[in-house]
Amino acid sequence: MRLKSLLLATTIVTVLHPAHQASAAVYKTTKATAPAKVTAKTTGKKTVVRQAAATPRRPHAVDSNSNEQMIVTGTHAFNRRARDSTSPISVLTAATLRRSGQMNLADAIVRTDPSITVNAMGSDAGALTSSIRMRGLNPNEVLVLVDGKRRHTTANIYADAGPQQGSTPVDLNMIPASAIDHIEILRDGAAAMYGSDAIAGVVNIILKKTPHGLNMTAQTGANAYNGDGWQYQLGADGGFGFLGDGYVHISGQMYHTDHMVPNTTDVRTVPGNSEYKGYNVPHDSNKILSTPEETRENLSIEFGKTLTEGVNGYGLITYAHRHSEAYENYRMPSVAPTLYPYGFSPLETIEENDYAATLGLKGDNFFGFSWDLSSTYGADEDDVGNKNTANPNLIAATGTSPTTVRAETYRLSQWTNNLDFRRQLKIADLVPVTVAFGGEHRLETYQIWPGEVGSYADGGTQGYAGLMPENAGKWSRDVWAAYLDGDFHPLKHWDLDFAGRFEHYTDVGNTENGKVSTRYDITKRIAVRATISNGFRAPTLPEENFSSLNVSPTGASGLLSTSGAAGKSLGAQHLKPERSTSAEGGIILEPVDGWHLSADVYQINIRDRISGAGSVYGDSAISAIAMTGATLPTGITTSDVSANYFANVGSTRTQGLDIQSDYLLHMHQYGNLDLTMALNLNRTRVSHINTNSQGNPYLNEQSIAYLTSTSPRSKIILNAYWTIGKWDVNLRQTRYGETTSMLTYQDQTPASLTCKGQSLQYSNVCWGQFKNTPVWLTDLEVGYRLNHMWHFAVGANNIFNQRPRRLTKYLNYLGANAYDTDSSGIGIAGGYYYGRINATF
């Protein structure tokens, strides 16, 4: 839904390459006085689409027709609507995202799209950046574009074992929400069009480019049941023109959130418990399940201008800074009594700078082809630290220890250069076809700097041990690609699209990918569509080269490099690209005027999936960790030491169903009611398990569950948006289906219990099955428009404070880790209440 000042406009847009139309459109505005009317004028070989002035509407007017607007994702055709797409694609407008009540972009998308989920909570440094999962697959298998350009990823790898292990996704929260015009979500394999990562789908974020207006927003809220987790956000965006048709649109955002701390009891603080050590400390000292504290500033500047007749220049600059802190498990007073006589809770921190710049030229007549030449450089830099900590072994050796350290520094950069061509023509003057082709070069660089000596020496600091010089290094690779796409209309109501792409990676070799899509409109109310494609995902540089050691109160876990001697001693092998084959088929219906319905079934087969190999425990893990040069802290439990590495663990098959439906009910004097329903059913199964160099299977029951059942089997979103007079009400019901995890038996499991000849406590052959049962969440927002400039809203998400099931005693580490954080169902924070003010000038 566009704000009023942005709607009172006439737009003149030169037809460009569809994947980049939105990235450099040139806007000219006049006051709107008539209904929209589109005309086309041809002069020579230059075609200009002119849209006459549109009738203005209220800023909170119903935007149910978001899927009627032109899309630029998943197609090279001109002027194609989301409803006309050969693949399932949905459009989330800025208004839809705003009504989610969420301040973070990743959370807003999860609230509004059923195919996308996030983990209940990240672990260690993984809690400090955001990531999304689509169709239950790893975050690395979702491609994110900004204005049609590949976005660089975070450098902060998710190192802990679990369904997200190894992921370095695009951090959506580093893009200012106020800059977004709309988001196009393609739920289909698209590697033949966009290259690596586009296995589960594509998220294309389209930014605002209007040369006028000023929009401001302020929101604050908290967890009303706990009385903590306060958040606030301030945002603004506006544009101005220069030198005729030049435009600049600037967006900024400032965000802060405090910790939200669930109520838990650490068993080590309870007298009479077997782990009680006689220290009189508060039972709620362990805040490991609290959400991170975060402060973030975001900025984007988008600009463009006609440089000469038929040639436009455009650009985009984004910058974001984040400081975030996450609690680790509480350490008892016995760990470092000279520094912390009452115990301490280490805080893992990140100081992050994320930036990108795009410059491009595009034109509409190079031997009859429209063309687009662009260069994009993006990088993410992270200083990961540890504060309120201590190094016990260093205290024993020297009598002192640092309490605040820099544990490591990451930097991941991506320099992408694209040249694209596109043209409409006719075969034998009968069959319309759109031909598109182009090439890409991408340079990827990944670098790790070791932490300060005190962070890793003699076992490292508590909560998070820093990276050693042996873990550090710099790696890079070049990627060369070329693609060809033909979109044919053999018959008036039949669309047929062929796409092919070749890519060469200097570290993992070549890949060839193809895609065939078709759609046939049987009548104006019934259409069918189908797609078959193959795709790939190259291993990321962090997956190939990262290694680390993580220390808990009773043990440690090591992530070993696939190319190092330590990893090879446990069977690690060189990583290969993932290969996928996707098939999709669906039907699109309009049973009555205004009621739109689509249903699509899909199957995604992935071969050689990259994930964490099943962990090795005990003496074998200790020996492998020692080979990296790391020293384990004293006082840990041997059976609680594990090691693993990334591997091509096996093959999976994901099957599912997407249903989308919307209907706008005009109730005259009672307003308008916009009803939408969206459903995703999803199931993943392991079809083959690979073996390591020693002949042992990569996967066990626990790691199989990471891949197959930690994502909800279903997710349903029912939404009703009612507008009447100056009031608007949004009611949303979301149902998360069941998740199942195979969890490790923890410290409270009696040592006398055995399974398959070994102790059940920290067993690596027997796990506890834990199910999060289905649950409904209710969200409500009520808004009031004071006048054409001011809008006020109050709302509550998860109004009834639903949370996941609590873990059983034997699966709850220290008694303070009460939830299954590996599942991607509902979060653990519970109900959230907020208020928001929007102003438009």
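- Between the side chains of His256 and Thr295, at least one donor N or O lies within less than 3.5 Å of an accepting N or O.
- Looking only at atom types and distance, the side chain of Thr269 has a donor-acceptor partner in the side chain of His283 under 3.5 Å away.
- When the options Asp354, Val170, Asp382, Leu128 are evaluated for a side chain to side chain contact (heavy atoms under 4.5 Å, CB included) with Thr154, the one that passes is Asp382.
- Ion pairing between a basic and an acidic side chain is recognised when a charged N comes within 4.0 Å of a carboxylate O; Glu351 and Arg322 show no such pairing.
- Looking at every heavy atom in both residues, Ser548 comes nearest to Leu467 through CB-CD2, 3.5 Å.
- Scored by the ring pair (Phe, Tyr, Trp, His ring centres under 6.0 Å) test, Tyr158 finds no partners at all (sequence neighbours excluded).
- For the pair Tyr736 and Ser824, the minimum side-chain heavy-atom distance is 4.5 Å or more.
- Remark: Tyr762 pairs with no residue by the ring pair (Phe, Tyr, Trp, His ring centres under 6.0 Å) rule, at least two apart or across chains.
- Counted by atom type alone, Ser130 and Asp171 present one or more donor-acceptor pairs between their side chains at under 3.5 Å.
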Report task. Verify side-chain contact (heavy atoms from CB on, under 4.5 Å) between Trp767 and Leu743, making sure each step is shown before the conclusion. Result -> CA-CA 5 Å; Trp767 290 269; Leu743 302 178; 6.0 Å; no
Report task. Go through the steps to decide whether Gln702 and Ile704 satisfy the test side-chain contact (heavy atoms from CB on, under 4.5 Å), and finish with yes or no. Result -> CA-CA 5 Å; Gln702 185 177 66; Ile704 288 173; over 6 Å; no
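- For the pair Asp820/Asn772, a side-chain contact is recorded, criterion being any heavy-atom separation below 4.5 Å from C-beta on.
- A donor-acceptor pair shorter than 3.5 Å cannot be found between the side chains of Ser741 and Asp822.
- Under 3.5 Å, the side chains of Ser115 and Asp113 contain a donor-acceptor pair of N or O atoms.
- Residues Ser131 and Gln164 come closest through the heavy atom pair OG-OE1, 3.1 Å.
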Query - Check against side-chain contact (heavy atoms from CB on, under 4.5 Å), Thr708 and Val686 - result: CA-CA 7 Å; Thr708 61; Val686 171; 3.7 Å; yes
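- For OH of Tyr276, the number of neighbouring non-hydrogen atoms (other residues, nucleotides, ligands) closer than 6.0 Å is greater than 12.
- Between the side chains of Tyr410 and Glu408, a donor-acceptor pair is found at a separation under 3.5 Å.
- For the residue pair Ser547 and Asn471, a side-chain donor N or O sits within less than 3.5 Å of a side-chain acceptor on the partner.
- Contact annotation: the side chain of Ser709 never approaches that of Thr739 to less than 4.5 Å [non-hydrogen atoms, C-beta and beyond].
- A salt bridge does not link Glu141 to Arg135: none of the charged nitrogens lies less than 4.0 Å from a carboxylate oxygen.
- Here the CD atom belonging to Gln761 is positioned 11.5 Å from the OG1 atom belonging to Thr744, to the nearest 0.5 angstrom.
- Annotation for Asn273: atom CG counts as buried by contact number, over 12 foreign heavy atoms lying within 6.0 Å.
- Taking the six-membered ring where the residue is Trp, the centroids of Tyr834 and Tyr832 are separated by under 6.0 Å.
- Salt bridge Glu275/Arg268: absent, no basic N to carboxylate O contact under 4.0 Å.
- Between the side chains of Lys771 and Thr740, at least one donor-acceptor pair of N or O atoms lies under 3.5 Å.
- Arg406 and Ser455 share no donor-acceptor pair across their side chains, judged by distance under 3.5 Å alone.
- Tested against Thr461, the residues Asn391, Asn386, Thr403 include a single side chain to side chain donor-acceptor pair (under 3.5 Å) partner, Asn386.
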**Report entry** Pair Asn223-Thr291, side-chain contact (heavy atoms from CB on, under 4.5 Å): steps then yes or no
**Finding:** CA-CA 11 Å; Asn223 182 296; Thr291 58; over 6 Å; no
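- Take Glu328 and apply the side chain to side chain donor-acceptor pair (under 3.5 Å) test, not counting sequence neighbours, and it matches no residue.
- By the 4.5 Å heavy-atom criterion applied to side chains, Arg111 and Asn797 are counted as neighbours.
- Residues Thr117 and Pro712 have side chains in contact (heavy-atom distance under 4.5 Å, counting atoms from C-beta outward).
- Taking the side chain as every heavy atom from C-beta outward, Arg331 and Tyr340 never approach each other to under 4.5 Å.
- Annotation for Trp776: atom CH2 counts as buried by contact number, over 12 foreign heavy atoms lying within 6.0 Å.
- In this structure, Asp380 does not pair ionically with Arg411, as no charged nitrogen and carboxylate oxygen lie closer than 4.0 Å.
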Query - Test salt bridge (charged side-chain N to carboxylate O under 4.0 Å, His left out) applied to Glu352 and Arg296, step by step - result: CA-CA 9 Å; Glu352 183 174 7; Arg296 188 176 68 243; over 6 Å; no
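- No hydrogens or angles considered: nothing links the side chains of Asn393 and Asp458 as a donor-acceptor pair under 3.5 Å.
- Side-chain contact of Asp124 with Tyr464: a donor-acceptor pair under 3.5 Å is absent, judged by distance alone.
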